[in-house]
> 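One structure follows; several queries about it will come next.
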Amino acid sequence: MDFSFSDHQLLIRDTVRDFVHAEVRPHVKDWERTGHFPLEAIKKLAELGCCGMLMPEAWGGPGLDTISYVLMIEEVARVHAALATALSVTNSAVQLPLLAFGSDAQKHRFLKPLAAGEFLGAFCLTEPPAGSDAAGIQLRASRSAETYSLTGTKTWVTNGSAAGVYLVFAKTDPSAGGKGITAFLVEPSFPGFKVGRHEDKMGQRSSPSVELIFDNCQVPAANRLGEEGQGLKIALSALDGGRIGIAAQAVGLAQGALDESAAYARTRKAFGKSIAEFQAIQWMLADMQTEIEAARLLLYRAAFLKDQQSLPGHSPMGSAASRAKLYASEMVNRVVYKAVQIFGSLGYSRESDVERMYRDARVISIYEGTSEIQRTIIARDLLAAR
Ligand SMILES: Cc1cc2nc3c(=O)[nH]c(=O)nc-3n(C[C@H](O)[C@H](O)[C@H](O)COP(=O)(O)OP(=O)(O)OC[C@H]3O[C@@H](n4cnc5c(N)ncnc54)[C@H](O)[C@@H]3O)c2cc1C
């Protein structure tokens with residue numbers, strides 16, 4: 001067993017760390033306050049190869065392994081979780097299904113520019129009546145000749161106001177339940193496509209989460225991803241990979257909160273000494289670090305298994321990504337709670353970074369499958385294996 005990173009992985013980690021420190025950190029408070037989506041920072045991250053890290057060179061990416069991708073997301077989330085959300089969706093939830101199920105023509109049209117960061121992707125599954133229950137979506141797609149007509153509403157679409165392509169799941173055969181779902185690559189210029197209201201959120205306020213309205217939206221049959229009825233399989237496979245990115249976001253954000261907390265504990269004085277000298281504070285910091293490290297190991301193992309599963313003779317990743325996502329997303333909420341506690345009243349003030357981190361962390365146990373759904377996946381997997 002080897003716990004070390006390759007030189008190339010370390011280079012990626014350090015390059016992204018330096019970039020976010022110089023170009024993101026100084027602006028986070030302002031972006032968060034104004035709800036600004038930092039497309040200019042994303043463009044620069046794209047130049048570093050961060051918008052299509054997992055894509056092979058043939059499709060415009062650097063063809064990196066999942067550990068490298070995880071290190072990138074961790075470093076971004078350590079400073080700005082909302083930016084990590086945008087990168088995670090475009091890198092994995094949209095590009096991995098395109099790579100696995102797309103035709104060569106679709107890969108030329110969408111995957112290459114996505115991997116180069118020329119535009120972002122959005123993943124559109126959730127609807128007002130259906131979140132966890134993905135098979136319950138109601139957006140309808142009906143075919144006539146070479147066109148599908150999509151009618152319905154999606155909600156909570158990350159990157160939804162700024163994407164160049166939308167991976168949309170719709171019912172082509174409502175009587176077939178989950179087997180009647182089909183995936184489509186929708187372009188924002190298609191007639192009948194409209195961006196609706198923006199969600200007014202607790203945290204991650206500079207990552208847009210929007211409603212999308214499909215009013216008889218005309219989608220050429222050539223933009224169908226995979227076969228009719230394959231949509232749920234495509235969505236679930238995208239979420240499997242996506243969970244690793246979300247676990248990485250949790251670990252990165254928690255690390256950022258620990259960095260802030262340790263630095264503050266050394267400088268804040270009470271009763272004539274720094275609060276870092278109180279055992280109560282030391283124990284909080286020790287628990288934070290231990291839990292972060294436990295989550296990081298689950299995360300790296302899931303990333304390792306994901307890369308191995310594509311090799312002949314290796315077993316599938318199974319529920320490893322769900323275990324990493326479940327533990328990391330709950331861990332980050334415990335860590336940010338302690339961070340605010342260590343900061344005292346300043347932790348409750350918009351002046352401190354940990355106040356934002358506290359709000360940003362809350363959603364991580366909800367999106368890309370709630371903790372309850374992760375536990376269901378893990379239990380199903382372990383019971384099937386007995
Ligand atoms: C900031 C943000 C960004 C998002 N980005 C996207 C995106 O880009 N694309 C997208 O498609 N969606 C996105 N989502 C939606 C997200 O994936 C859903 O919110 C999530 O899947 C949960 O669905 P729901 O909110 O409808 O909750 P519900 O499914 O209504 O669940 C409500 C509660 O019931 C529990 N529950 C439901 N079913 C079960 C069950 N079988 N067993 C036990 N408990 C259960 C849930 O765990 C939860 O606690 C985003 C959400 C947020 C908040």
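Counting starts at 1 for both ligands and their atoms, following the listed order.
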> Return the residue, atom name and 0.1 Å-rounded distance of the protein heavy atom closest to atom 40 (C) of ligand 1.
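Its nearest protein heavy-atom neighbour is Ile373 CD1, 4.0 Å.
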> Considering heavy atoms of the protein only, find what lies nearest to atom 44 (N) of ligand 1 and give residue, atom and distance to 0.1 Å.
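The closest heavy atom on the protein side is Glu372 CB, 3.5 Å.
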> Would you kindly specify which portion of Val363 sits under 4.0 Å from ligand 1, judged on non-hydrogen atoms: side chain, backbone, both or neither?
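The answer is the side chain.
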> Would you call the rings of Tyr300 and Phe5 parallel, tilted or perpendicular, where under 30° means parallel and over 60° means perpendicular?
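Answer is perpendicular, since the angle exceeds 60°.
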> To which protein heavy atom is atom 27 (O) of ligand 1 closest, and what is the distance rounded to 0.1 Å?
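In this structure, atom 27 (O) of ligand 1 has Ser132 OG, 4.1 Å as its nearest protein heavy atom.
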> Is the terminal nitrogen or CZ of Arg109 (NZ for Lys, CZ for Arg) located under 6.0 angstrom from the six-membered ring centre of Phe119 and within 45° of that ring's axis?
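Ring-cation test returns no.
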> Measuring from atom CD of Gln9 to atom CG of Leu64, what distance do you get when rounded to the nearest 0.5 angstrom?
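Between Gln9 CD and Leu64 CG, I get 9.0 Å after rounding to 0.5 Å.
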> When you measure from atom 19 (O) of ligand 1 to every protein heavy atom, which one gives the shortest distance, and what is it?
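Looking at atom 19 (O) of ligand 1, the protein heavy atom closest to it is Ile366 CG2, 4.0 Å.
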> Under 4.0 Å from atom 30 (O) of ligand 1, is there any protein heavy atom?
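No; the ligand atom in question lacks any protein heavy-atom contact below 4.0 Å.
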> Would you say atom 13 (C) of ligand 1 touches the protein, meaning some protein heavy atom is under 4.0 Å from it?
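Protein heavy atom within 4.0 Å of atom 13 (C) of ligand 1: present.
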> Which residue and atom name correspond to the protein heavy atom nearest atom 26 (O) of ligand 1, and how close is it?
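Checking every protein heavy atom, the shortest distance to atom 26 (O) of ligand 1 gives Gly131 CA, 3.2 Å.
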> Quick one: does ligand 1 sit under 4.0 Å from the side chain of Thr126, the backbone, both or neither, non-hydrogen atoms only?
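Thr126 to ligand 1: contacts from backbone and side chain alike.
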> Should the heavy atoms of other residues, nucleotides or ligands under 6.0 Å from CZ of Arg268 be counted, would the total exceed 12?
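No - once you tally the heavy atoms of other residues, nucleotides and ligands closer than 6.0 Å, there are 12 at most.
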> Specify side chain, backbone, both or neither for Glu368, according to which of its non-hydrogen atoms lie closer than 4.0 Å to ligand 1.
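For Glu368, only backbone atoms sit under 4.0 Å from ligand 1.
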> Got a protein heavy atom sitting under 4.0 Å from atom 5 (N) of ligand 1?
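Yes, there is a protein heavy atom closer to it than 4.0 Å.
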> N/O to N/O below 3.5 Å, does that happen between Val89 and ligand 1?
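There is no such contact.
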> Heavy atom of Gln204 under 4.0 Å from ligand 1?
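The answer is no, since Gln204 has no heavy atom less than 4.0 Å from ligand 1.
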> So which heavy atom in the protein is nearest atom 9 (N) of ligand 1, and how far is it from that ligand atom?
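Going atom by atom, the protein heavy atom closest to atom 9 (N) of ligand 1 ends up being Phe123 O, 2.7 Å.
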> Which heavy atom in Leu298 sits nearest to a heavy atom in Arg323, and how many Å separate them?
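Reported closest heavy-atom pair: CD1-O, 4.0 Å.
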> Just going by heavy-atom distances, which of Phe169, Tyr166, Tyr367 is nearest to atom 3 (C) of ligand 1?
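It is Tyr367 whose heavy atom sits nearest to atom 3 (C) of ligand 1.
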> Quick check: does any side chain N or O of Thr376 sit under 3.5 Å from a backbone N or O of Glu372, one acting as donor and the other as acceptor?
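Such a contact is found between Thr376 side chain and Glu372 backbone.
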> Under 3.5 Å, N or O to N or O, is Thr158 touching ligand 1 that way?
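Such a contact does occur with ligand 1.
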> Tell me whether Gln374 contacts the main-chain N or O of Gly369 through its side chain, where contact means a donor paired with an acceptor under 3.5 Å.
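Confirmed, Gln374 side chain pairs with Gly369 backbone.
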> Can you measure from NZ (Lys179) to CG (Leu232) and round to the nearest 0.5 angstrom?
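Spacing of NZ (Lys179) from CG (Leu232) equals 9.5 Å.
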> Establish whether atom 33 (C) of ligand 1 and some protein heavy atom are separated by less than 4.0 angstrom.
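When distances to the protein are checked, atom 33 (C) of ligand 1 has no heavy atom within 4.0 Å.
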> Can you find an N/O atom of Trp156 closer than 3.5 Å to an N/O atom of ligand 1?
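It does: an N or O of Trp156 is found under 3.5 Å from an N or O of ligand 1.
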> Charged N to carboxylate O below 4.0 Å: is that the case for Lys325 and Glu368?
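Glu368 and Lys325: not salt-bridged.
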> Within the 4.0 Å heavy-atom shell around Thr370, which atoms of ligand 1 are there?
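Here the atoms of ligand 1 in question are 22 (C), 46 (C), 47 (O).
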> So, Ser237 and Asp240: side-chain donor and acceptor under 3.5 Å apart, yes or no?
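No, no side-chain donor-acceptor contact under 3.5 Å.
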> Parallel, tilted or perpendicular: which one describes the rings of Tyr264 and Phe343, with boundaries at 30° and 60°?
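Answer is parallel, since the angle falls under 30°.
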> Is there a side-chain contact between Ser209 and Lys201 (heavy atoms, below 4.5 Å)?
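Contact flag for Ser209/Lys201 side chains = yes.
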